[in-house]
Number of protein chains: 2
Amino acid sequence: MKLDDTDREILRMLQADARTPFSEIARRIDMSSATVHDRVGRMEEAGVIEGYHATVDPKAVGYGVRALVGLRVEQGREEDALGRLREIEGVRAIHLTTGEWDVILRVVAEDTDSLRELMFEGIADMDGFSRSQTMIVLGTDYEADGPPI
Amino acid sequence: MKLDDTDREILRMLQADARTPFSEIARRIDMSSATVHDRVGRMEEAGVIEGYHATVDPKAVGYGVRALVGLRVEQGREEDALGRLREIEGVRAIHLTTGEWDVILRVVAEDTDSLRELMFEGIADMDGFSRSQTMIVLGTDYEADGPPI
DNA sequence: GTTGAAAAAATATTGAG
DNA sequence: CTCAATATTTTTTCAAC
């Protein structure tokens, strides 16, 4: 789908705040809210807008620790290994990467104890991985909600 | 703020779809929508709900490449170095971590050429960093929208 | 594609238990 | 904290340009 500048402006506003009323968006881009409605619908349809999500503070729901976990996967075990990772609740993202690691996970855990459990009873111990490294996130200096628009 | 199971259910629904009508949430948890409204308001107030965001497909807005970038920061240059990273549009997250790297960035770029530019004219070349490694994301096998609730 | 206006639906507010 | 009822606002639809 081809996006024009108006579409991008709408995306930018909805990315910043998914609850911005169409009427407010319409006012800012000087068009009718029916047009905004129409464009948003088409962008949803086309998959440009993948969804709308509330951002929840992980600490508030009991997850105090974030980490990135680098993994080396043994040859030929990829599918099986990834499938099992996906079943683990604390595993929030599974990226296949170039460089030092085959896979990098983004994980959350309640505390360092439960992270240790996740790693040493959950992941590092799994068949199919030959090496792992846990990089605990001490803090996040900056985090944007999506791509620049 | 202390959350009960009802709050968590509401959070789960809004995390999955921020546009779920309060009336629909109310129906599912068997309460009035005024109650849902009230609880959501309090969770927003308390910062449990940090915001509502449309998830935009990066490819659709021209960002075909994602990468994780590990950086080593020279002693005493932390603040300055991080400040400059924050100014770079393609840098979407800046995590301070334990382990092999002091900082891990999540970056997006239009293509591999522009990623190279970002790295070799933007970041690797910056004062304050002694070492870097770029891990290009070949694919994302799984990605959740927030913490498990 | 866009519009204004009407209809439908949702959210915000109020007052009381 | 929860509710029902009401007021307000937003979303959605649609005939027309």
Side-chain angles (χ1 to χ4, degrees), chain A residues 1-63 110 144-149, chain B residues 1-63 110 144-149:
Chain A
M1 183 188 181
K2 218 180 132 191
L3 303 178
D4 63 18
D5 289 348
T6 301
D7 291 323
R8 284 168 198 278
E9 282 201 54
I10 294 171
L11 283 179
R12 199 177 303 123
M13 289 187 243
L14 289 177
Q15 189 187 62
D17 181 3
R19 296 217 154 173
T20 314
F22 289 1
S23 56
E24 167 73 11
I25 296 174
R27 201 184 50 72
R28 289 198 222 160
I29 63 176
D30 205 44
M31 285 184 178
S32 77
S33 54
T35 300
V36 175
H37 180 261
D38 194 58
R39 284 175 176 256
V40 170
R42 268 184 295 115
M43 290 194 283
E44 288 173 352
E45 199 65 29
V48 174
I49 296 174
E50 294 173 345
Y52 304 91
H53 305 283
T55 304
V56 176
D57 178 11
K59 285 204 183 79
V61 290
Y63 292 93
E110 294 173 24
D145 296 305
I149 301 175
Chain B
M1 182 187 179
K2 217 182 133 191
L3 304 177
D4 63 19
D5 290 348
T6 301
D7 291 323
R8 284 168 198 275
E9 281 202 56
I10 293 171
L11 283 179
R12 198 179 302 123
M13 290 187 243
L14 290 176
Q15 188 187 62
D17 182 2
R19 296 218 156 174
T20 314
F22 289 1
S23 55
E24 168 74 10
I25 296 173
R27 200 183 52 71
R28 290 197 221 160
I29 63 177
D30 205 46
M31 285 183 177
S32 77
S33 55
T35 300
V36 175
H37 178 262
D38 195 59
R39 284 173 177 259
V40 170
R42 267 183 297 115
M43 290 193 284
E44 288 172 351
E45 199 65 30
V48 174
I49 296 174
E50 294 174 345
Y52 303 92
H53 306 283
T55 303
V56 176
D57 178 12
K59 285 203 182 77
V61 290
Y63 292 93
E110 295 174 21
D145 297 305
I149 300 175

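In this text the structure is predicted, and so the values were computed from the model without any measurement. Order of the sequence lines fixes the chain letters, A, B, ..., with proteins taken first and strands second; residue numbering starts at 1 for each chain.
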message: Is the shortest side-chain heavy-atom distance between B:V56 and A:M43 below 4.5 Å?
response: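 Of all side-chain heavy-atom pairs linking A:M43 with B:V56, none is under 4.5 Å.
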message: Is the shortest side-chain heavy-atom distance between B:T55 and A:Y52 below 4.5 Å?
response: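 The answer is no, as the side chains (C-beta and beyond) never meet within the 4.5 Å cut-off.
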query: Starting at the 5' end of DNA chain C, which residue's closest nucleotide do you reach first, A:D38 or A:R19?
result: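 Closer to the 5' end of DNA chain C: A:D38.
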Which listed nucleotide ([options]) is nearest to the side chain of [X]?
| X | options | result |
| --- | --- | --- |
| A:P21 | D:dT11, C:dT2, D:dC14 | D:dT11 |
| A:A34 | D:dT2, D:dC14, C:dA10 | D:dC14 |
| A:S32 | C:dT3, D:dT10, D:dC3 | C:dT3 |

- request: May I ask you to verify if any side-chain N or O of B:T35 is less than 4.0 angstrom from the OP1 or OP2 atom of D:dT2?
  value: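 For B:T35, the contact criterion (side-chain N or O under 4.0 Å from OP1 or OP2 of D:dT2) is not met.
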For atom [atom1] of [X] and atom [atom2] of [N], their distance in whole Å:
| X | N | atom1 | atom2 | result |
| --- | --- | --- | --- | --- |
| A:F22 | C:dA9 | CZ | P | 17 Å |
| B:E24 | D:dT11 | CD | P | 17 Å |
| B:R27 | D:dC3 | CZ | P | 15 Å |
| B:I10 | D:dC1 | CD1 | C1' | 12 Å |
| B:R39 | C:dT11 | CZ | P | 17 Å |
| B:R42 | C:dA12 | CZ | C1' | 16 Å |
| B:H37 | C:dT11 | NE2 | P | 9 Å |
| A:M43 | C:dG1 | CE | P | 12 Å |

task: Give the minimum heavy-atom separation between B:I10 and B:R39, together with the two atoms involved.
output: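 So the two residues come closest at CD1-CD, 3.8 Å.
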field: Pairing of B:R42 and B:E45 as salt bridge, 4.0 angstrom limit
entry: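 No, B:R42 and B:E45 are not salt-bridged.
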